[in-house]
Amino acid sequence: MAGVYEAHARASCADATALACVGADADVYIGTSRGCVRAGLASTPIAAGSSRRAVEQICGVPGTPWLALRRDSGIVSLCTSESIDTPTALPLARGARTMTAGTWWEARHATTQPAPAPAASDARAVGLQGMEDVARHKQRTPHNTRVSVLAIACPHQAVLYRWADAQFWDAKVVPLPRTPTTLALAGPVLFVGYGTYEYARIPVPPAHASSVAYRTPPSDALASGQWVDAHAWDTFAVPVPDTAASDARAWWARPKRPLVLALADDVLLATEHAGVLVHANGQPSRASALRWDAPPLGAIACAPYLLLLDAQGALQVYTQRTLRLAQTLTLPGSAAPRLLAAGAAPTAYVLGAAARGHDAPLYELQAASLEAQLDALTDAGEYREALALLDALDACPDEMAARRPHLHTLVGVVAFAQSEYETAMDEFLQVDLNPAWALALYPASVAGPLARPRAAWLRHFGVRDPCDAPAGEPDRRALDALARFLTDRRRVLRPLVAAPTCSPAPLEALLALPTTCALPALPAAQQQAMAQLVDTALVKVFLATKPALVGPLCRVDNACDVDEVRALLQAHGLRAELVALYRGKGLHAAALDELQRACTDGQEDAVERLVAYLASLGAEHLDLLLAHARWVVAHAPSQALPIFTCEEHLTTLPARRVAASLAAQDAGLAQAYLARVLETGSQDAALHTQWAQGALQASAHGADAHELVAFLHSSTLYDAEALLDDMPPAPALPAVRAALLGRLGRHDEALRLHVEVLRDVRAAEAYCAAHAAAAPRGALFTTLVRLVAAQMPGELPHVYAWLTQHASALALDDLLPLLPRATPVAEVRALLERSLSATGAARAQLRVEEALYATREAALTREVRARHAQRVLITDGRTCARCERRLGQAVLAVLPAQGAAMHYYCAVQAHEHASPST
């Protein structure tokens, strides 16, 4: 791209040997062979200084007011702009070959100074800033201390002078195996270049780790040798192979011009045929290298560009981020560039070679405005270059930064057109691309009505691409990239759309939204439509690439278009996924119909899935549940009961209605269901009666009646009269009839059934024991003896033995006349003795209790009389126990039990308000 820089002649200088741009104001300084230092735009020198030796290099120490001067004698001295005539020589830097300076922010108590981590060439940001961007942002953030360093290359060593917050801190001498010829500071790392393309790096430890840290240096510490850090510093080799093919020339014929230059993000190391870029930790930072025929004679980094002075005397301007040749600049006339200096970015200064009889011209390289450069790059279709131009700037105007999303979008669209789908999606995620337009890049099989021909979406985004051929079916890579994009958009939309609806949304209207839009800022209706678009497209993509993911998507909350997804799932035979979709949308009727069709078609495990679905429905879907449960009862009765007896349904469904529905089809299932309900402790009398009626009908048709009899004895909630009316005619089910008669209090009839019909004396005895408390004393025992004596006289001895255990409850006056006259005394002796003993004990107990009551009454009478006999002394100061006023001459009342005296009317009120117990 031509026109990045324009050269403007600013001044001329005789015998110029050094050029530098120093300070925040970018003041230009020119050193001469006579030892003078001139301002770039001034015609007279600032000062000559005490030395007349040529100034070979000028270097400003950022973060300090110091200006470093290196003369041809190898002496480095420091001065300020006001004290150039009285510089301070640095005694450690004798024989200096070159120097450089740098600054960085350092935590006051940091143990290490981390270098930026290398980023893989194929790393993707996935919608977030890259790690290298985060590292650069952290490096620009001021922490505690600003450290400034002046590094000087001397014979077989590197000398570093360090300042902390513009105050001298210490000096350091680092021994080296050979004499360095080039230096660069990449943050807290010093890169050293030797004579044959050999490079090393020296990490600079934190300032507080110095052996002279936390001391107060004297005013002459710069020239003193006592403030040298004695700690050892590590030195690491940086292997940089030449990337070109093997050179046929002998090794001694190669020029020895190593070059090391610190850029914004990495470090440029020069080899014979290329410039290799590495991180501050020495690892390669980029896969590509900067190719050249010969190493440059000079180079400066002037963000966002890199300027190289080639061997032919031309200035080559590269973009730092992409290493793209943006311009080849030739100075006006025949002035060949000789010295370069970087000013306030992106301005640079060039000092040309002096022609015969003329002074050396000084040119100022002024870059075109950022807006003009971005427009030119965008018009040329160089969207990546335009984006790199913005990224390389430390401070970008807001109006220019606002163009970044559009540039990212353009880069993504071009990458998509070139089948770089993952890169395209990275760019789209970076700028929150409207998902509708991301889908518009795909054919109708994926995007549906949103699909747009290639020419249409290229024109919409403003991409200059002559290819208007329609896009074919997307390949697997394109669909995988789209799945990643849609999954990320779904992550953003899911918390925004709390309750997805089933109604379809007008998706075409989403194309009218801005190309880049933040989803949380959209209105709720548009968020709903966007969620439906994203989820429906995800189903289509998963069906084409990963069908196993369709089920999980359908089972979780989603905003899919039900009608569209239904057709897709049915076409692929995914019935289980379709049921899950219906269930998530609350379309239980459609889900159950689908399951019922699967059962009819004989699909494996279809009945189990239908039963499980019905068991999961709540009580609010009772009508739907009962309707489909009837089909299960009719076709798979053995699996119907779990529908109603699951833990939730057993206590939440209306048991009467469920039992009635089951009884209409299968009485046995109804009985089993009622039994489970009664096991939960239900107190509904109707359910108890209904179960008993069902069991009674079953018993009337030949079923075992033992369970019914046990239920009739244990439950008290059933309607005994109704059951007795439903009983078949006697003598059927005598045990059941006896239990019902006993529940109704008709004990004589129940005992008669046990003895006369069932002929079961043991059961009759148990009946008497169970109901003895409900009848008059000894009445049931008397009836039992009478019935056994008449019907089963042979069982009388057993009855006498059993009655002996209940002798205390017998009425001997009623029992003795019933005993047969021929009954041996030995058979009833134990019975009579225990009964008489119990009767005597009861009478004795009664006499004791009566005596105790009489004694207690007499004691209470004596106590009351004693209380009445007590006298109460009323003095002038005594007050009423209730109102606490003086008693005086009023009518008084005395409570004998407490001995309290009060006014009569107070006593009456206290009596009226007293509790009945009082």
Side-chain angles (χ1 to χ4, degrees), residues 681-685 688 713-720 742-748 767-783 803-816 831-918:
S682 175
Q683 300 298 310
D684 190 344
H688 286 250
H713 284 302
S714 61
S715 176
T716 59
L717 299 177
Y718 57 86
D719 188 348
R743 182 65 65 190
L744 294 174
R746 297 160 63 177
H747 305 297
D748 292 347
Y767 183 89
C768 291
H771 296 84
R777 176 182 174 82
L780 291 183
F781 301 108
T782 302
T783 303
L803 287 176
T804 303
Q805 303 173 12
H806 302 275
S808 60
L810 296 178
L812 288 179
D813 296 343
D814 298 331
L815 180 62
L816 290 177
L831 171 64
L832 296 176
E833 288 179 350
R834 181 167 294 186
S835 178
L836 291 174
S837 175
T839 303
R843 290 175 180 173
Q845 178 70 20
L846 181 59
R847 286 195 297 271
V848 170
E849 291 178 356
E850 289 177 349
L852 290 175
Y853 290 146
T855 303
R856 178 60 179 166
E857 184 177 2
L860 290 176
T861 301
R862 288 194 300 271
E863 185 177 354
V864 171
R865 288 176 180 177
R867 292 284 186 181
H868 280 288
Q870 290 180 353
R871 295 181 179 274
V872 177
L873 179 61
I874 303 301
T875 62
D876 292 341
R878 188 156 185 173
T879 59
C880 176
R882 179 175 176 80
C883 68
E884 297 184 355
R885 290 183 295 178
R886 291 180 60 186
L887 294 174
Q889 300 300 322
V891 179
L892 304 180
V894 179
L895 301 181
Q898 295 88 5
M902 62 181 69
H903 299 104
Y904 178 76
Y905 55 82
C906 290
V908 172
Q909 290 179 356
H911 178 72
E912 291 177 353
H913 290 85
S915 62
S917 60
T918 305

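Everything numeric here is computed off the predicted structure, so don't read it as measured data.
Between the side chain of H747 and the main chain of C768, no donor-acceptor pair closer than 3.5 Å is present. Judged by distance alone, the side chain of R882 and the main-chain N or O of A907 form no donor-acceptor pair under 3.5 Å.
Note that CD of Q909 and CD of E912 are 7.0 Å apart. Values are rounded to the nearest 0.5 Å. Atoms CG and CZ, from L860 and R856 in turn, are 4.0 Å apart once rounded to the nearest 0.5 Å.
The two atoms that bring Y767 and G742 nearest to each other are OH-CA, 2.7 Å, heavy atoms only. In this structure, R743 and A720 approach most closely via the heavy-atom pair CG-CB, 3.9 Å. Taking each heavy atom of M902 and C880 in turn, the nearest pair found is CB-SG, 3.2 Å.
Under the 4.5 Å side-chain criterion, counting only non-hydrogen atoms from C-beta, L887 is in contact with H903.
Under the side-chain hydrogen bond (donor to acceptor under 3.5 Å, both in side chains) criterion, E849 pairs with Q845, not counting sequence neighbours. For D684, the salt bridge (charged side-chain N to carboxylate O under 4.0 Å, His left out) partners two or more places apart in sequence, or in a different chain, are R656.
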